[in-house]
Number of protein chains: 2
Amino acid sequence: MASKPPVSLKDIAEAAGVSTITVSRALRGLSLVTPDTRRQITEIAHRLGYVPNQVASSLRSRKTGLIAVVMPTVAGSIFSDTVNSISNELGKAGYQIIIGESSYDIEQEQAVLEALVQRRPDGVIIAGVNHTRTSRELLSAMNVPVVEIWDMTEDPVDSLVGFSNRHAAYEFTLALIDKGYRRFAIASGPMERLNRAQQRAEGHGEALKFKGLRSFGSIVIPHFMGMLSSGETLLKFVKDNPELDCLFCTNELIAIGATVQCRRAGIKIPDEIAIVGFGDVEAASIIDPPLTTICIHGAAMGQEAARIIRDRLAGKTEERKILDVGFDIAWRGTA
Amino acid sequence: MASKPPVSLKDIAEAAGVSTITVSRALRGLSLVTPDTRRQITEIAHRLGYVPNQVASSLRSRKTGLIAVVMPTVAGSIFSDTVNSISNELGKAGYQIIIGESSYDIEQEQAVLEALVQRRPDGVIIAGVNHTRTSRELLSAMNVPVVEIWDMTEDPVDSLVGFSNRHAAYEFTLALIDKGYRRFAIASGPMERLNRAQQRAEGHGEALKFKGLRSFGSIVIPHFMGMLSSGETLLKFVKDNPELDCLFCTNELIAIGATVQCRRAGIKIPDEIAIVGFGDVEAASIIDPPLTTICIHGAAMGQEAARIIRDRLAGKTEERKILDVGFDIAWRGTA
DNA sequence: CTAACTATTGACATCGATAACATTCGTCAA
DNA sequence: TTGACGAATGTTATCGATGTCAATAGTTAG
């Protein structure tokens with residue numbers, strides 16, 4: 001464990017007989033150095049095994065090359081498309097992402113944000129538009145581009161790339177009514193989870209009301225313990241409420257769980273009961289029957305958000321934007 | 001966009017009439033300051049909206065609080081358990097992870113590593129034991145704890161938490177033969193993908209040989225384009241080779257795809273053909289029939305790796321370790 | 001009463017890079 | 001010939017914190 005002292009610009013400068021700033025310029029490719037000098041410096045740097053210290057660079061230049069990404073969770077499949085496309089899009093431009101998990105809780109989100117901010121990210125992408133007052137202040141005070149995603153509002157902190165959860169649920173419900181379904185119950189994941197599930201429920205309710213229908217019940221999975229486990233709860237609910245003809249799930253994973261468990265219990269889907277989800281994760285299309293659901297453009301949101309950040313940091317655009325990526329209905333086998 | 005200058009320790013020091021170092025100590029909770037002084041400093045810091053600059057702190061203290069995590073991909077479900085458990089376990093100790101994707105390629109891995117190293121992470125967790133020479137040198141030269149995971153070898157760079165892919169495939173194959181299967185074909189994802197798939201194939205082959213059986217064919221999905229798409233290719237393969245009684249997939253996702261597509265095509269599983277996977281992602285248990293597969297302890301590996309890093313950084317242990325987390329066979333519906 | 005000690009606080013250097021400004025030198029137009 | 005100019009390089013200050021060692025004040029023992 002000899003642990004030789006790390007090589008710095010200074011060491012290279014001494015070896016090359018030039019000043020540190022020349023080395024810095026040479027290695028950054030700043031076209032301010034003679035090709036010959038650069039070649040020599042590069043060679044020495046390589047020989048000494050030089051590894052640039054981005055920490056020092058960040059401190060001085062006030063650019064960390066980090067983008068903070070705050071999502072409710074990255075554990076499941078729901079947000080992973082978004083995170084991946086952010087990472088890919090920003091990676092192209094040389095940025096690294098640092099992820100924080102808000103666990104569907106704005107207090108937790110604030111805590112995460114407070115930790116991330118200390119690393120002085122060059123930009124922030126954050127899920128949702130509902131934050132604590134302190135979080136909003138923090139985001140504004142950072143003086144870096146901020147993009148909220150996965151939701152819609154009139155007054156974002158800065159830019160916004162999302163869709164209206166309420167509107168999607170509303171339209172989806174109307175379409176289901178058009179298809180002939182009348183006796184809906186609504187199933188949700190933990191309701192305290194920000195207010196996206198809440199908005200979906202409201203959109204659903206408004207559509208029912210608009211069509212003069214009443215709800216035939218609702219059930220909440222208070223603690224999400226996996227798809228199959230939630231599915232068992234929902235199977236019981238479905239059995240207990242035989243009058244239902246459609247289970248409207250505001251959460252994709254519980255919809256998948258419900259479908260799998262109902263099918264295993266021998267319930268015919270969609271003849272005995274239709275089940276629909278919200279989100280379209282990959283697993284939705286491999287179950288039997290494949291899930292009819294709202295297709296959220298998670299990857300597109302990530303990509304657009306990343307682009308906005310990238311362009312803002314490159315000085316290309318300075319305007320804040322609001323972008324609605326909409327949604328699609330994926331009609332498959334469960335409704 | 002007024003962009004006030006950021007608040008630093010100095011500003012607080014001036015406002016409180018003390019030196020910056022005292023502020024630093026107070027805010028770090030170093031028990032070297034009078035409770036009264038601390039209270040006052042904390043109050044002022046809060047009032048000024050002070051946000052500690054971890055970049056500066058990292059530079060001076062040579063501790064970034066970052067752990068680099070290098071995985072083949074984080075896009076799918078395969079490695080996400082591992083990454084999540086790493087993140088959770090390290091999060092408890094106040095560390096943040098920065099992720100790099102090697103895309104199943106050791107040259108790419110090296111490139112990613114070279115980028116990550118510049119951020120001076122306090123530790124590295126990296127999938128696989130096969131790296132370029134330069135990567136290995138880089139890892140050693142960093143003088144931070146390194147844990148390789150998801151594989152097994154005699155001479156890790158530093159510590160290792162994994163399992164033997166070869167051995168798992170070997171044992172699994174033997175167990176399948178015990179169950180009565182005799183006419184195997186092997187299906188793999190892209191083979192250039194490091195050598196884990198290769199090792200699995202070898203373990204499978206050795207078991208066949210040991211039992212005096214021959215292979216009835218093999219197929220490679222050269223470019224993975226999703227579960228269902230791979231499944232179509234495998235369905236065709238299965239139809240073309242009606243003598244097979246078991247399709248041994250070295251990749252979980254293609255096993256799922258094959259199962260789904262075969263079932264949709266009306267092929268009886270496992271009666272007409274058995275299909276097995278390798279990895280046990282969550283989707284494996286929701287398909288019909290649920291997939292019989294090797295259960296890899298991805299979360300356990302992540303957690304153990306994170307613990308090793310954490311303990312090493314806390315000075316608790318200094319020994320390098322090799323830990324084999326083994327594997328389980330999950331007998332479900334497809335074999 | 002003084003030495004010895006502990007508890008607090010401070011001064012200064014430093015981590016490794018880069019921004020800002022300065023300098024040198026050769027070239028070329030006036 | 002001179003001065004303006006641009007290319008290449010250098011000098012110095014600085015980013016914002018913390019490690020190290022020094023200093024001050026208050027307390028206790030002898």
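Letters A, B, ... are given to chains in the order of the sequence lines, protein chains preceding strands, and every chain is numbered from 1.
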Visitor: Salt bridge (charged side-chain N to carboxylate O under 4.0 Å, His left out) with A:E107: which residues, sequence neighbours excluded?
Guide: none
Visitor: Please list all pairs passing the salt bridge (charged side-chain N to carboxylate O under 4.0 Å, His left out) test where one or both residues lie in residues 135-148 of chain B, with sequence neighbours left out.
Guide: B:R133-B:E137
Visitor: Could you work out, with side-chain hydrogen bond (donor to acceptor under 3.5 Å, both in side chains) as the rule, every residue matching A:Q96, not counting sequence neighbours?
Guide: none
Visitor: Which pairs, protein N/O on one side and nucleotides 24-28 of chain C N/O on the other, fall under 3.5 Å?
Guide:
none

Visitor: Rounding to 10 degrees, work out the angle separating the end axes of the helix from C:dC1-D:dG30 to C:dA30-D:dT1 (five pairs an end).
Guide: 50°
Visitor: Just by protein heavy atoms under 4.0 Å, how would nucleotides 6-17 of chain C read 5' to 3' in B, S and -?
Guide: --BBBB-BBBBB
Visitor: Less than 3.5 Å apart, which donor and acceptor atoms pair up between the side chains of residues 9-17 of chain A and the rest of the protein, not counting sequence neighbours?
Guide:
from: A:D11; atom 1: OD2; to: A:S8; atom 2: N; distance (Å): 2.7
from: A:D11; atom 1: OD2; to: A:S8; atom 2: OG; distance (Å): 3.4

Visitor: So, do B:V55 and A:R119 sit near enough that their side-chain heavy atoms are less than 4.5 Å apart?
Guide: no
Visitor: Kindly write out the residues that satisfy side-chain hydrogen bond (donor to acceptor under 3.5 Å, both in side chains) with B:S19, not counting sequence neighbours, or none if the list is empty.
Guide: B:T22
Visitor: Taking salt bridge (charged side-chain N to carboxylate O under 4.0 Å, His left out) as the cut-off, I'd like each qualifying pair that reaches into residues 63-90 of chain B, sequence neighbours left out, listed once.
Guide: B:E89-B:K92, B:E89-B:R307, B:E89-B:R310
Visitor: With a 3.5 Å cut-off and no angle check, do the side chains of A:E101 and A:T73 form a donor-acceptor pair?
Guide: yes
Visitor: For a 4.0 angstrom threshold against heavy atoms of chain B, report the outermost contacting nucleotides of DNA chain D in 5' to 3' order.
Guide: D:dG16 to D:dG19
Visitor: Is there a salt bridge (charged side-chain N to carboxylate O under 4.0 Å, His left out) between A:R39 and A:E43 once you walk through the steps?
Guide: CA-CA 6 Å; A:R39 207 173 308 121; A:E43 196 274 324; over 6 Å; no
Visitor: Check side-chain contact (heavy atoms from CB on, under 4.5 Å) between A:A115 and all other residues, then give those that pass, not counting sequence neighbours.
Guide: none
Visitor: Quick one: side-chain hydrogen bond (donor to acceptor under 3.5 Å, both in side chains) partners of B:D158, sequence neighbours excluded?
Guide: B:R312
Visitor: Taking all non-hydrogen atoms of both residues, which atom of A:D122 and which atom of A:P145 are closest, and how far apart?
Guide: O-CD, 3.5 Å
